[in-house]
Protein chains: 4
Amino acid sequence: MSNQDFMMDTFFEDEEGLTEKQKKIILAAIESFSEKGYAATSTSEIAKKAGVAEGTIFRHYKTKKDLLLSMITPMMGKFIAPFVIKDINKVLDHRFEHYEDFLRAMIENRIEFLKKNLPLFKIIIQEIPFHPELKAQFKEHIGNKVFERVSEMFKHYQDKGQIIELPSKSIIRLAASTIFGFLISRYIIFPEADWDDEAEMERTIQFIMHGLTPKDEFIPGSETE
Amino acid sequence: MSNQDFMMDTFFEDEEGLTEKQKKIILAAIESFSEKGYAATSTSEIAKKAGVAEGTIFRHYKTKKDLLLSMITPMMGKFIAPFVIKDINKVLDHRFEHYEDFLRAMIENRIEFLKKNLPLFKIIIQEIPFHPELKAQFKEHIGNKVFERVSEMFKHYQDKGQIIELPSKSIIRLAASTIFGFLISRYIIFPEADWDDEAEMERTIQFIMHGLTPKDEFIPGSETE
Amino acid sequence: MSNQDFMMDTFFEDEEGLTEKQKKIILAAIESFSEKGYAATSTSEIAKKAGVAEGTIFRHYKTKKDLLLSMITPMMGKFIAPFVIKDINKVLDHRFEHYEDFLRAMIENRIEFLKKNLPLFKIIIQEIPFHPELKAQFKEHIGNKVFERVSEMFKHYQDKGQIIELPSKSIIRLAASTIFGFLISRYIIFPEADWDDEAEMERTIQFIMHGLTPKDEFIPGSETE
Amino acid sequence: MSNQDFMMDTFFEDEEGLTEKQKKIILAAIESFSEKGYAATSTSEIAKKAGVAEGTIFRHYKTKKDLLLSMITPMMGKFIAPFVIKDINKVLDHRFEHYEDFLRAMIENRIEFLKKNLPLFKIIIQEIPFHPELKAQFKEHIGNKVFERVSEMFKHYQDKGQIIELPSKSIIRLAASTIFGFLISRYIIFPEADWDDEAEMERTIQFIMHGLTPKDEFIPGSETE
DNA sequence: AATGAATGAGGTTTCATTCAT
DNA sequence: AATGAATGAAACCTCATTCAT
């Protein structure tokens, strides 16, 4: 399964019916929101950056909040797209003998996606706590859709004894924390540090693997815990 | 080493010289900032919530930003306090035979601290990306002080073969991601979900352990990876 | 003289050359202006209500003010139409022996007209004070044309001793106040009160009669109300 | 009963606790609202006219609408004050043998009041149709309080046979229409015409008298008007 | 130390009007 | 004739900050 099956990398793919000015507005808004935060960004600033009149923003987006939502909703949809493939188990059996291969493919793919949409990703994680609508959207999309699919997948490998017996929620939380933690450290908190990207990615994935792998897969009856 | 050695639970401990009004202002600001974000909170709102006049805030804190920093700086200090004990290795040897015991104590303790200061913790992680001074402070405190100490500790156990050979930076990043990920999921994103706190804490710690433990501690030469 | 001779009930009678869209615009504008006032109504709102594009309004009416005038001017013309009949005295002698009959016919007829055009009537009385052009129009039409004619009529009956000797201006003012006062109370201020329309109309007319009739016309037993 | 008993002529009498700036704001707002209408007056215009910063307006009045209400509510209170005297019948018997004397005193007094507060009076009659709160206030004050009192008074004279047997509501409506009609003609529509104020006032009052007086009270030679 | 009125810059949003299609 | 995207001035309102009391 190539990464290309999963990905949807640029924001305006599949976004039809946007005028040129609308695109410029969205781009400018993404840039500003991600740099200064939603509340600290003024619409006049966005207008200037987009090269349009301030009124133009409000012709397309009734309110500033509307503008925010108009970029987050499609992004969420694209993020979960790969999880919504039907008959995921067939894909799994067919393509990935060991869960590690699958997990690696999945993680690399979604990391790739987020890297390509970093500013938007940053906006989402920054603003979710302050906007109940966003939170609701997030819960519905990630919390439900993705949860269902990923549970299914994990169950597939748990049945094979390749993944430890944890509640899906916990597994997802732990894996997601590690992944998001990597992205946030790498691109948001310490972007200008000296990173060996390939190695860090590998370490991150390894860490998840180890954490999720049953100890006694390796040696029956070994550890104490 | 009891948890009590580490902790500093309420905000005003060790904060001398604060008038009653100042405390009310800080408390009100913490509440508002954490609920709505720094930029979206007005000083007049804080004044009203604190029961003081608008001018009073500016008598004590020259600007709104000052007010923000005045709560974050001490919080950071308190967070890192347990890491700044001298001769940490002595403590380690003396008290914790296995790294797991140490890690568990450390994690539980810091989680306890953050839980007791959740709103402030939330403010810090929300605002760091938007305030260079904060970022600088964070890097200096966490990034340096804590890093040094924790590196030292990890090296201690790496030398014993109890922890895998990863760069300290990576280890800290992975452990921190998992811990913060737990707290953020638990208290910020899904606070009203149905959590089995004790079990989740245990899973979180286990996850870190597994992820950091050398595989061949369990069985030499076993897996392929 | 039947009421039908006087009346011009619907707005678009005699309005040739208006496209379908223009009519919709006018109708929408009348509704909005009368509900919210001219200044508080936006052209975009009118466009939406009329089901046309915003630009279409300005194709037909150069400015918003133009749109206002385009509805008020014809309305004024229609209101005064019955007063502009030539040789009114002939009509009077021919048809109305007693002034009361004439006055009643006149009042009933004009009330009927205004009732049929209430929203527009409301707009006119609301906006006149704020638009000099309107005020000028009003003065010229009502203040001059109507004044002349009505003066003539009143003089006709004053000569017969049926109406007290007051300046025409005062008579008109008093009669008009009473009539407009009725309409405004009935339809604008207390439209949802419980009105006995026929009785109130009768009382209104009686009030004008009494107020304008010389006292000593009423010798005992002449009539009882 | 001298007119002075009734009157409350300037707006700020009895208005305590207003800062100098607040008074200037109110005065400027009254002037502008009455000249251009509420909706067509901008707050910046009021601020400039009042010589204060625009923000100052909003420190004292949360919204523009608030500012409007803050001037209308006291005005209504003052207008109805004379009607709320207890035991009005005692006053009537004691002081006014004939209803004409009473009516004249009352009318002259209230006209005097309105003349002294013309701009505010104009604002009220202009804005009532567009603001439900105002309408409600108006109904409660004028429609109830005044109505009750005036009904009582009229009944007093109706019992003596001096006023015709009409429902109080109708009487008040007719009298009010005539009075307001005079004021509106005189001061709002044709303020610059050539008025003989004393004569017109007299005619207005006479008109009400005649309209309300039973016809058969007037036997020949009874009085000459 | 504390107040809260006052400020004016700037925030979001609305609006009448224009113009290319 | 009709559209509706685009404009930019101006509307209402908020805000951090100052200062006389």
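Residue numbers start from 1 in every chain, and the chains themselves are labelled A, B, ... in the order their sequence lines are given, proteins ahead of strands.
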Please list, chain by chain and in numerical order, all residues satisfying salt bridge (Lys or Arg N to Asp or Glu O under 4.0 Å) with A:K49, sequence neighbours excluded.
A:E31
Sorted by chain and number, sequence neighbours left out, salt bridge (Lys or Arg N to Asp or Glu O under 4.0 Å) with B:E35 holds for none
Looking at CZ of A:F33 and NZ of A:K64, how far apart are the two atoms once the value is rounded to the nearest 0.5 Å?
5.5 Å
Atom pair CD1 (D:I57) and OG (D:S44), whose distance is rounded to the nearest 0.5 Å:
8.5 Å
Provide, to the nearest angstrom, the distance between the [atom1] atom belonging to [X] and the [atom2] atom belonging to [N].
X     : N      : atom1 : atom2 : value
A:I57 : F:dG8  : CD1   : P     : 13 Å
D:K36 : F:dA10 : NZ    : P     : 12 Å
B:E54 : F:dC15 : CD    : P     : 10 Å
D:E45 : F:dC12 : CD    : C1'   : 14 Å
D:H60 : F:dT14 : NE2   : P     : 15 Å
D:I46 : F:dA11 : CD1   : C1'   : 12 Å
D:Y38 : F:dA11 : OH    : P     : 14 Å
C:K64 : F:dA11 : NZ    : P     : 13 Å

Under a 4.0 Å heavy-atom criterion, DNA chain E is touched by chain D from E:dA5 to E:dG8
Runs of at least three consecutive Watson-Crick or G-U pairs, both distances under 3.5 Å, are what I'm after; which ones involve DNA chain F?
E:2-21 with F:2-21
Residue pair D:A53/B:A53 against DNA chain E: nearer the 5' end by closest nucleotide is B:A53
If you assign each of D:T19 and C:K65 to its closest nucleotide in DNA chain E, which residue comes earlier from the 5' end?
D:T19
Would you please say whether a donor-acceptor pair under 3.5 Å links the side chains of D:T43 and D:E54?
yes
Classify the nucleic acid contact of D:S42 as base, sugar-phosphate or nothing, counting any heavy atom under 4.0 Å across all strands shown.
sugar-phosphate
Using heavy-atom distances to pick each residue's nearest nucleotide on DNA chain F, tell me which of B:R59 and A:G51 is more 5'.
A:G51
Could you say whether B:S44 or A:K21 is positioned toward the 5' end of DNA chain F, judged by the nucleotide with the nearest heavy atom to each?
A:K21
I'd like to know whether C:K135 forms a side chain to side chain contact (heavy atoms under 4.5 Å, CB included) with C:F138, so could you lay out the CA-CA distance, the side-chain angles of the two residues, the decisive distance to 0.1 Å, and finally the verdict.
CA-CA 5 Å; C:K135 214 162 157 175; C:F138 180 75; 5.6 Å; no
What pairs with D:K48 under side-chain hydrogen bond (donor to acceptor under 3.5 Å, both in side chains), at least two apart in sequence or on another chain?
none
Residues that B:I124 engages under side chain to side chain contact (heavy atoms under 4.5 Å, CB included), provided they are two or more places apart
B:I72, B:M75, B:M76, B:I128
Taking the six-membered ring for Trp and the single ring otherwise, decide whether the centroids of C:H141 and C:F79 are under 6.0 Å apart.
no
Hey, does the side chain of B:T63 come within less than 4.0 Å of F:dA16's phosphate (OP1/OP2), counting only N and O?
no
